[in-house]
Every structure is written in C-alpha cells, then in structure tokens.
Trainee: 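Structure below; questions to follow.
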Amino acid sequence: MSTVKKHNFGAGPCILPQTVLNEAAEAIKCWDQTGLSILEVSHRSPEFEAVMRETESLVRELLNVPTSYSVLFLQGGASMQFCMAPFNFLSHSKKAAAYLDAGYFGQKAIKEAQLFGQVNIIASTKEEKYKYIPQDYTVPEDAAYFHCTSNNTIEGTQMFAFPETEVPVICDMSSDIFSRQIDVSQFDLIYAGAQKNTGPAGMTLVIAKNSFLDSVKHPVPSMLDYRVYRDNGSMYNTPPVFAIYTAMLNLRWLKKKGGVKFIAMENLAKAQLLYDAIDENTLFYGKAVKAHRSLMNVTFEMHDVAREADFLKYAAGRGMVGIKGYRTVGGFRASLYNALPYSSVQGLVGSMHDYTEKQVHFKGVK
C-alpha cells in the first residue's frame, strides 16, 4: 500500500471530512447502541426519525431557510430533478419555461424539460465553449419559471448574482450548496445532488417554497410529486438511510467549523491560492473567464497539451487524486469542496511549481 498522502480533488463523489468517515464507519458496524448497523435499521424507528429531524434542522440553520419553505430528502440525483421539476411546473402550463444555458448540466436540464413543454433558452454561452456565465439577459415576465445552474462543475464557472424577477426561480445548486451564503428567499425551488458538499451520493436535497409546490393543479404520480414527500416527511417510501445519516454527520461538522459563513472564507482562500498559481505559471492557464471563475471547480490546461499526461503522472506520484479534466473537455479540474484542506491545495500548487522548475531546468520551456 502506498504511503504517499492522498489529496482528493475529485469532482464527485468527493472528499468527506475524516471525522465524518470515521463516525459513519462505526455506524455501519453498530449504530447508536442499537445493536444494529445503520445499513439495516428501520427507517421508521424512533432513532432514525430523530436523524431525519436533525438533518432537516441543520439544513434550515446553516442556510437560514424560511419557515415557508419545505426541506425534502429525495433520490435520483439532480438528473432526476431535470425532469421532475418540469413535470410539475411546465407540463400543464400554457407558458414557456425560461432556461439559462451555461454548461453541460444546464444542457441536460433543457433536454429533459423539452419533453414536457415549451422551453425558451434566454441566453447561452455554448458558442464560447461555456467559458463564462451569460450576461445581460432578461427573464420573460410570462415565463412558467426560470431555471439556472449556480455552479458549472465541468466548465469551472459560477454565478455570483441571480436575476431579480417575479417569475419563479428554480436553481440546480448541486456543486456549490453549503459552500457560500445564499438568500434562499430568492428562489422558489433549489435542488442539489448530495455528493459534493452535502454527503455521499444517494440523496438529493430539495428546498422549496410551499406556495410554489401548491400551485400545481394537475395530477402528478406520487413518486414525482414534491407535495407527497413534504406531507410524508420525506418518507413516502424508504429513504436513502445511510446517505441521509452521513449527510447529518457532515452538516454537524460544518456547523462545528463555524457554518457556511466561515467555510466560504476558507473556500475563497483555497481558490485564490490555486488561481494565482495557475496565472503565474508559464506552463498552465485557466480556462474560464476570470470574473466567472468557480470557487469550487478550478479548470485549467497546459499550453503544450502533449505535456498533460506527464504532469498527471507526476502529480499522482505526489498524491494528487482526481485532477484530470472531464472526459469530454480534457485538461485539468481541481475541485475544492468544503472538506478539502488548504494544505491539499498547497500540495497541488507545489506540484505545479516543481514540475515547471523541472521542465525549465532539463528541457526548457517553449
């Protein structure tokens, strides 16, 4: 077994705090003195019902969720929400839904929504290879809703402001929820796959304004009806017990760290360190326009593409894991999620610096 410390920059499933992993591992063997594994405990047991209540309470506290909103724990990931949201809010509407096209996952959401009704792509940066978030667009006043993706995991761009509109706003926050402070009241429905900053894969978090959910008047299958989950405490069917339990542990960790306000400062410091290193290095360059750079997913390339495989091997030898870019775009991607320590970013920056020095000394830089 390798003794080199691993630095996990994976985009998801991603790094979790070691204390959370330790507690979750113990719970698999015997949970909460029940004599049972968390994997086999009844979701109807008083012990697990307490987990559901605490997890919801932590979400509400950490994000300052208004009481007029429901917090739901679903399954199917954000990809399920790509169809579940339009099934509820578009399929029987005479209005078109307004979508912002800022990346790969926004495109996937658009494709699913088009199965249920008219979709108006109000702005897109596809022709610019999604290097920045669309700007200077207007949300039509008669739209059924406006949909956006707050952080683009593959392209490495992030929304730092959201449009002010009377139209309902639905946002995919899978890869930056809990990483920065947000005003939940700006949105009518937020959804997020858990496997970034919330917990392990298997749970999907939904935060929705109750009046928006109640605006649906057409029949909806129970498993696709947000109100069914709301009215049954997210336990209409068996929930993802272990994923929710581990998310609770992770949110406890975040609260103990100082909450979202504190972690946002840490995340900014990590991102600044890495972006500065990229900008100052003669071999590397950032892919996203600077004003739109993500604080969660840093994407970059080498001027000489032929060197990329060699750098990946070099970095891996120093414990850097998960920095290879998404399979369709190449290059590099370093994900700086909440649990990633500053020291890991220092390790990556050091690897880039030392590799560059090695190239300068032995081969020269073209």
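Heavy atoms only: backbone and side chains are in, while hydrogens, waters and symmetry mates are out. Just so it is clear, the model here is predicted, and its values are computed rather than measured.
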Trainee: Donor-acceptor check, side chain of Asn210 to backbone of Ser68, threshold 3.5 angstrom: yes or no?
Mentor: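 Looks like yes, one N/O pair under 3.5 Å.
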Trainee: Determine whether Leu74 and Tyr226 make a side-chain contact, defined as any pair of heavy atoms from C-beta on separated by less than 4.5 Å.
Mentor: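 Yes - at least one pair of side-chain heavy atoms lies under 4.5 Å apart.
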Trainee: I need the full list of ring pair (Phe, Tyr, Trp, His ring centres under 6.0 Å) pairs touching residues 299-318, with sequence neighbours left out, sorted by first then second residue.
Mentor: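 Counting only pairs at least two positions apart or across chains, the ring pair (Phe, Tyr, Trp, His ring centres under 6.0 Å) contacts touching residues 299-318 are Phe284-Phe300, Phe284-Phe311, Tyr285-His303, Phe300-Phe332, Phe311-Phe332, Phe311-Tyr355, Tyr314-Tyr355.
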Trainee: I'd like to know if the side chain of Gln114 and the backbone of Val119 have a donor-acceptor N/O pair within less than 3.5 Å.
Mentor: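 A pair under 3.5 Å: no.
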Trainee: Which residues pass the side-chain contact (heavy atoms from CB on, under 4.5 Å) test with Glu141, sequence neighbours left out?
Mentor: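 By the side-chain contact (heavy atoms from CB on, under 4.5 Å) rule, Glu141 matches no residue at all.
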Trainee: Partners of Ser179 by side-chain hydrogen bond (donor to acceptor under 3.5 Å, both in side chains), sequence neighbours excluded?
Mentor: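 side-chain hydrogen bond (donor to acceptor under 3.5 Å, both in side chains) check on Ser179 returns nothing, list empty.
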Trainee: Taking NZ in Lys324 as the centre, count heavy atoms belonging to other residues, nucleotides or ligands within less than 6.0 Å. Is the count above 12?
Mentor: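 At most 12 heavy atoms, drawn from other residues, nucleotides or ligands, come within 6.0 Å of this atom.
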Trainee: Establish whether Val298 and Met159 are linked, either directly or via other cluster members, by ILVMFWY side-chain heavy-atom contacts under 4.5 Å.
Mentor: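 Different hydrophobic clusters.
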Trainee: Is a side-chain N or O of Ser70 found less than 3.5 angstrom from the main chain of Ala208, in a donor-acceptor match?
Mentor: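 No; judged by distance alone, with no hydrogens or angles, the pair does not exist.
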Trainee: Side chains of Val260 and Leu254: does their closest heavy-atom pair fall under 4.5 Å?
Mentor: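 Yes, their side chains come closer than 4.5 Å.
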Trainee: Got a donor-acceptor contact below 3.5 angstrom from the His43 side chain to the Pro239 backbone?
Mentor: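 A pair under 3.5 Å: no.
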Trainee: Can you see which heavy atom on Ser37 is nearest to which on Ile28, and at what distance?
Mentor: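 Result for this residue pair: OG-O, 2.5 Å.
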Trainee: Does a side-chain N-to-carboxylate-O contact under 4.0 Å join Lys95 and Asp142?
Mentor: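 Salt bridge: no.
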Trainee: Look at the side chain of Arg227 and the backbone N and O of Val216, then say whether any donor-acceptor pair between them is shorter than 3.5 Å.
Mentor: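 Yes; judged by distance alone, with no hydrogens or angles, the pair exists.
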Trainee: Is the backbone of Met248 close enough, under 3.5 Å, to the side chain of Glu54 for a donor and an acceptor to pair up by distance?
Mentor: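 No; judged by distance alone, with no hydrogens or angles, the pair does not exist.
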Trainee: Can you list everything that forms a side-chain contact (heavy atoms from CB on, under 4.5 Å) with Lys255? Sequence neighbours excluded, please.
Mentor: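 Lys255: side-chain contact (heavy atoms from CB on, under 4.5 Å) contacts with Leu58, Glu61, Leu62.
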Trainee: Can you list everything that forms a side-chain contact (heavy atoms from CB on, under 4.5 Å) with Cys83? Sequence neighbours excluded, please.
Mentor: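 Partners of Cys83 by the side-chain contact (heavy atoms from CB on, under 4.5 Å) criterion, ordered by chain and then number, come out as Met80, Glu112, Phe116.
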Trainee: Could you report the tightest heavy-atom contact between Asn232 and Val228, atom names first, then the distance?
Mentor: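 Taking Asn232 first and Val228 second, the nearest heavy atoms are ND2-O, 2.7 Å.
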Trainee: State which residues pass ring-ring contact (aromatic ring centres under 6.0 Å, His included) with Phe262; sequence neighbours excluded, sorted by chain then number.
Mentor: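 ring-ring contact (aromatic ring centres under 6.0 Å, His included) check on Phe262 returns nothing, list empty.
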Trainee: In terms of side-chain geometry, is the basic nitrogen of Lys270 or Glu266 positioned less than 4.0 Å from the acidic oxygen of its partner?
Mentor: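 No, Lys270 and Glu266 are not salt-bridged.
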Trainee: Is there a side-chain contact between Pro168 and Leu189 (heavy atoms, below 4.5 Å)?
Mentor: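 Pro168 vs Leu189: side chains apart.
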Trainee: To the nearest 0.5 Å, what is the distance between NZ (Lys5) and CZ (Arg318)?
Mentor: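 CZ of Arg318 is found 14.5 Å from NZ of Lys5.
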Trainee: Tell me the closest heavy-atom pair linking Leu90 and Ala96, and the distance in Å.
Mentor: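 Nearest heavy atoms, Leu90 then Ala96: CD1-C, 4.3 Å.
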Trainee: With a 4.0 Å cut-off on N to O distance, would you call Glu301 and Lys287 a salt bridge?
Mentor: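 Salt bridge: yes.
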Trainee: Going by heavy atoms in the side chains, are Met173 and Asp176 under 4.5 Å from each other?
Mentor: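 Yes, their side chains come closer than 4.5 Å.
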Trainee: Does the side chain of Leu251 come within less than 4.5 Å of Val59's, by heavy atoms?
Mentor: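 Val59 reaches Leu251 side chain to side chain.
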Trainee: Quick test of your reading: applying ring pair (Phe, Tyr, Trp, His ring centres under 6.0 Å), list the pairs with at least one residue in residues 46-85, sequence neighbours left out, ordered by first then second residue.
Mentor: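 For residues 46-85: none.
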Trainee: State whether the number of non-hydrogen atoms from other residues, nucleotides or ligands found under 6.0 Å of Glu166 atom CD is greater than 12.
Mentor: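 Count not over threshold, so no.
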Trainee: Taking only residues two or more places apart in sequence or in another chain, which ones pass side-chain hydrogen bond (donor to acceptor under 3.5 Å, both in side chains) with Asn22?
Mentor: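 Expected list: Gln18.
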Trainee: Apply the test side chain to side chain contact (heavy atoms under 4.5 Å, CB included) to residues Val169 and Val139: give CA-CA distance (whole Å), side-chain angles for both, the deciding distance (0.1 Å), then the verdict.
Mentor: CA-CA 10 Å; Val169 176; Val139 179; over 6 Å; no
Trainee: List the steps, then state whether side chain to side chain contact (heavy atoms under 4.5 Å, CB included) holds for Leu312 with Ile323.
Mentor: CA-CA 8 Å; Leu312 275 173; Ile323 64 169; 3.6 Å; yes
Trainee: Just to verify, which of Asn152, Ile110, Ile154 counts as forming a side-chain contact (heavy atoms from CB on, under 4.5 Å) with Phe105?
Mentor: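 Going through the options one by one, the only one that passes is Ile154.
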Trainee: Scan residues 9-41 for pairs that pass ring pair (Phe, Tyr, Trp, His ring centres under 6.0 Å), counting only residues two or more places apart or in two chains.
Mentor: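 For residues 9-41: Trp31-Tyr245.
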Trainee: What residues, two or more places apart in sequence or in another chain, satisfy side-chain hydrogen bond (donor to acceptor under 3.5 Å, both in side chains) together with Lys196?
Mentor: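 If we apply the side-chain hydrogen bond (donor to acceptor under 3.5 Å, both in side chains) test to Lys196, skipping adjacent residues, there are no hits.
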Trainee: Step by step, would you call Leu274 with Met352 a side chain to side chain contact (heavy atoms under 4.5 Å, CB included)?
Mentor: CA-CA 10 Å; Leu274 183 51; Met352 295 167 64; 4.0 Å; yes
Trainee: Could you walk me through whether Asp279 and Arg293 pass the salt bridge (Lys or Arg N to Asp or Glu O under 4.0 Å) test, one step at a time?
Mentor: CA-CA 12 Å; Asp279 291 341; Arg293 284 175 164 177; 2.9 Å; yes
Trainee: With side-chain contact (heavy atoms from CB on, under 4.5 Å) as the test, pick out the partner of Ile244 among Ile38, Thr198, Leu205, Thr55.
Mentor: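 So, applying the side-chain contact (heavy atoms from CB on, under 4.5 Å) to Ile244 and each of Ile38, Thr198, Leu205, Thr55, only Thr55 qualifies.
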Trainee: Are a donor atom and an acceptor atom from the side chains of Asp172 and Ser174 found within less than 3.5 Å of each other?
Mentor: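 Short answer, yes.
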Trainee: For a 4.5 angstrom cut-off between non-hydrogen side-chain atoms, does Ser150 reach Arg180?
Mentor: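 A side-chain contact under 4.5 Å exists here.
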Trainee: With no hydrogens and no angle check, is any side-chain donor or acceptor of Asp101 less than 3.5 Å from a backbone partner on Ala123?
Mentor: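 No, because the side chain of Asp101 does not come within donor-acceptor range (under 3.5 Å) of the backbone of Ala123.
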Trainee: Check the surroundings of atom CD in Glu40: do more than 12 heavy atoms from other residues, nucleotides or ligands lie under 6.0 Å from it?
Mentor: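 Result for CD/Glu40: enclosed.
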Trainee: Please report, to 0.1 Å, the donor-acceptor pairs under 3.5 Å made by any side chain of residues 337-345, with sequence neighbours excluded.
Mentor:
from: Tyr337; atom 1: OH; to: Ala11; atom 2: O; distance (Å): 2.9
from: Tyr337; atom 1: OH; to: Asn297; atom 2: ND2; distance (Å): 3.1
from: Asn338; atom 1: OD1; to: Asn267; atom 2: ND2; distance (Å): 2.9
from: Asn338; atom 1: ND2; to: Phe178; atom 2: O; distance (Å): 3.0
from: Ser344; atom 1: OG; to: His7; atom 2: ND1; distance (Å): 2.8

Trainee: With no hydrogens and no angle check, is any side-chain donor or acceptor of Ser294 less than 3.5 Å from a backbone partner on Gly156?
Mentor: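 The answer is no, because no donor-acceptor pair under 3.5 Å joins these two groups.
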Trainee: What's the shortest heavy-atom distance between Tyr145 and Ala113, and which atoms?
Mentor: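 Closest heavy-atom pair between Tyr145 and Ala113: OH-CB, 4.4 Å.
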Trainee: Establish whether Tyr104 and Tyr191 are linked, either directly or via other cluster members, by ILVMFWY side-chain heavy-atom contacts under 4.5 Å.
Mentor: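 As far as the 4.5 Å side-chain criterion goes, Tyr191 and Tyr104 are connected within one cluster.
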Trainee: Do Lys358 and Asp310 meet the salt-bridge criterion of a basic N to acidic O distance under 4.0 Å?
Mentor: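 Answer for the salt bridge query: no.
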Trainee: Where is the tightest heavy-atom contact between Met52 and Ser234, given as atom of each residue plus distance?
Mentor: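 Taking every non-hydrogen atom into account, CE-CB, 3.7 Å.
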Trainee: Using a 3.5 Å distance criterion without hydrogens, assess whether the side chain of Thr157 forms a donor-acceptor pair with backbone atoms of His292.
Mentor: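 Not a single qualifying donor-acceptor pair exists.
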Trainee: Between Phe89 and Phe212, does the ring centre distance come in under 6.0 Å?
Mentor: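 Ring-ring flag for Phe89/Phe212: true, centres closer than 6.0 Å.
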Trainee: What are the two closest heavy atoms between Ser175 and Thr153, and how far apart are they?
Mentor: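 Closest approach of Ser175 to Thr153: OG-OG1, 3.1 Å.
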Trainee: Under the side-chain hydrogen bond (donor to acceptor under 3.5 Å, both in side chains) test, which residues partner Asp183, sequence neighbours left out?
Mentor: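 With sequence neighbours excluded, Asp183 shows a side-chain hydrogen bond (donor to acceptor under 3.5 Å, both in side chains) to Ser185, given in chain and number order.
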